[in-house]
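All values reported here derive from a predicted model rather than from experimental measurement. First the proteins, then the strands, lettered A, B, ... as listed; each starts at 1. Both backbone and side-chain heavy atoms feed into the values below; hydrogens, waters and symmetry mates do not.
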Protein chains: 2
Amino acid sequence: MKNKIKIARAIKDVTQGTLADEIGVSRQTINALEKGKYVPSTVLALKLAAFFGQSVEELFSLEDED
Amino acid sequence: MKNKIKIARAIKDVTQGTLADEIGVSRQTINALEKGKYVPSTVLALKLAAFFGQSVEELFSLEDED
DNA sequence: ATATAAAGTAAAATAAACTTTACATTTTTT
DNA sequence: AAAAAATGTAAAGTTTATTTTACTTTATAT
């Protein structure tokens with residue numbers, strides 16, 4: 001699964017740390033997500049999408065191996 | 001987090017078992033999701049939403065305690 | 001009414017998400 | 001150039017998702 005968190009974050013010009021605070025997760029979770037280390041829960045995905053004013057489908061996309 | 005899987009499944013008239021097969025998870029996972037036992041990963045949410053032709057936001061919604 | 005399919009449930013096991021702490025590197029600001 | 005902020009990373013620990021097996025109950029079909 002791919003995501004555009006880093007891009008969305010750049011557009012909004014917000015730091016990993018403040019994003020983490022806004023969403024209520026650790027900064028390492030944001031960092032790991034951006035790095036593709038793991039797939040977030042749907043709760044997290046919904047919160048991130050809402051924060052960036054995008055749909056989950058816009059922010060996250062399935063890949064062949066999913 | 002709430003979801004409308006049971007309703008979407010009724011509309012499509014598909015069984016927990018065949019849905020599970022289509023998506024590639026166990027039948028108990030579908031059952032547990034419908035029963036609100038846990039929150040799926042974003043990969044699963046995207047697959048379910050795609051299967052039902054809905055957006056993740058339509059199929060899943062955050063609640064206050066999230 | 002009996003057989004069969006579907007749904008509910010539960011316990012144990014495994015895998016994966018997420019946190020915490022802590023430190024190293026890179027980028028930005030002064 | 002030095003300081004400060006942001007990012008990258010990693011290991012250990014906790015929590016939660018998901019599977020497997022297996023059994024019970026409810027609904028549907030014959």
Polar pairs (N or O, both sides) under 3.5 Å between protein and nucleotides 12-16 of chain C?
none

Nucleotide N/O to protein N/O under 3.5 Å, stretch nucleotides 27-30 of chain D:
none

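Residues A/Met1 and A/Glu63 share a closest heavy-atom pair of N-OE1, 3.1 Å.
Rounding to whole angstrom units, CD1 of residue A/Ile30 and P of C/dA17 are separated by 14 Å. In this structure, B/Ile23 places its CD1 atom 18 Å from P of D/dA17, rounding to the nearest Å. In this structure, B/Arg27 places its CZ atom 8 Å from C1' of C/dG8, rounding to the nearest Å. With rounding to whole Å, A/Glu34 atom CD is found 17 Å from C/dA17 atom C1'. Counting to the nearest Å, the P atom of C/dA17 and the NZ atom of A/Lys47 are 17 Å from each other. Rounded to whole Å, atom C1' of D/dT19 lies 16 Å from atom CD of B/Gln16. If you measure from atom NZ of A/Lys35 to atom P of D/dA6, you get 17 Å, rounded to the nearest angstrom. One atom, CG of B/Asp21, and another, P of C/dA5, lie 15 Å apart when rounded to the nearest Å.
To the nearest 0.5 angstrom, A/Phe60 atom CZ is 9.5 Å from A/Thr42 atom OG1. Atom CG of A/Asp66 and atom OG of B/Ser41 lie 8.5 Å apart (nearest 0.5 Å).
Under 3.5 Å, the side chains of A/Ser26 and A/Thr29 contain a donor-acceptor pair of N or O atoms.
Using a 4.5 Å heavy-atom threshold, the side chains of B/Phe52 and B/Leu19 count as touching.
Ion pairing of B/Lys47 with B/Glu22 is absent here, as no side-chain N (NZ or NE/NH1/NH2) approaches a carboxylate O to less than 4.0 Å.
Side-chain atoms of B/Gln16 never come within 3.5 Å of backbone atoms of B/Gln28 as a donor-acceptor pair (strictly under, hydrogens ignored). At least one donor-acceptor pair under 3.5 Å links the side chain of A/Ser55 to the backbone N or O of A/Glu58. A/Asn3 contributes no side-chain N or O that, together with a main-chain N or O of A/Gly36, makes up a donor-acceptor pair within less than 3.5 Å.
Phosphate proximity of C/dA7 to B/Thr15: present, with a side-chain N or O under 4.0 Å from OP1 or OP2. In this model, the phosphate group of D/dT7 is not approached by any side-chain N or O of A/Asn31 to a distance below 4.0 Å at OP1 or OP2.
Comparing B/Leu33 and A/Arg9 against DNA chain D, the residue whose closest nucleotide sits nearer the 5' end is A/Arg9. Mapping B/Gln28 and A/Lys37 onto DNA chain C by nearest heavy atom places B/Gln28 closer to the 5' end of the strand.
Residue contacts for A/Ser26: at a heavy-atom cut-off of 4.0 Å it reaches a base atom on one of the strands shown. Using a 4.0 Å heavy-atom distance criterion, A/Thr29 is classed as a base contact. Counting any heavy atom pair closer than 4.0 Å across all strands shown, B/Ser41 reaches sugar-phosphate atoms only and no base atom.
Exactly one residue among B/Arg9, B/Lys4, B/Lys6, B/Arg27 makes a salt bridge (charged side-chain N to carboxylate O under 4.0 Å, His left out) with B/Glu34. That residue is B/Arg9.
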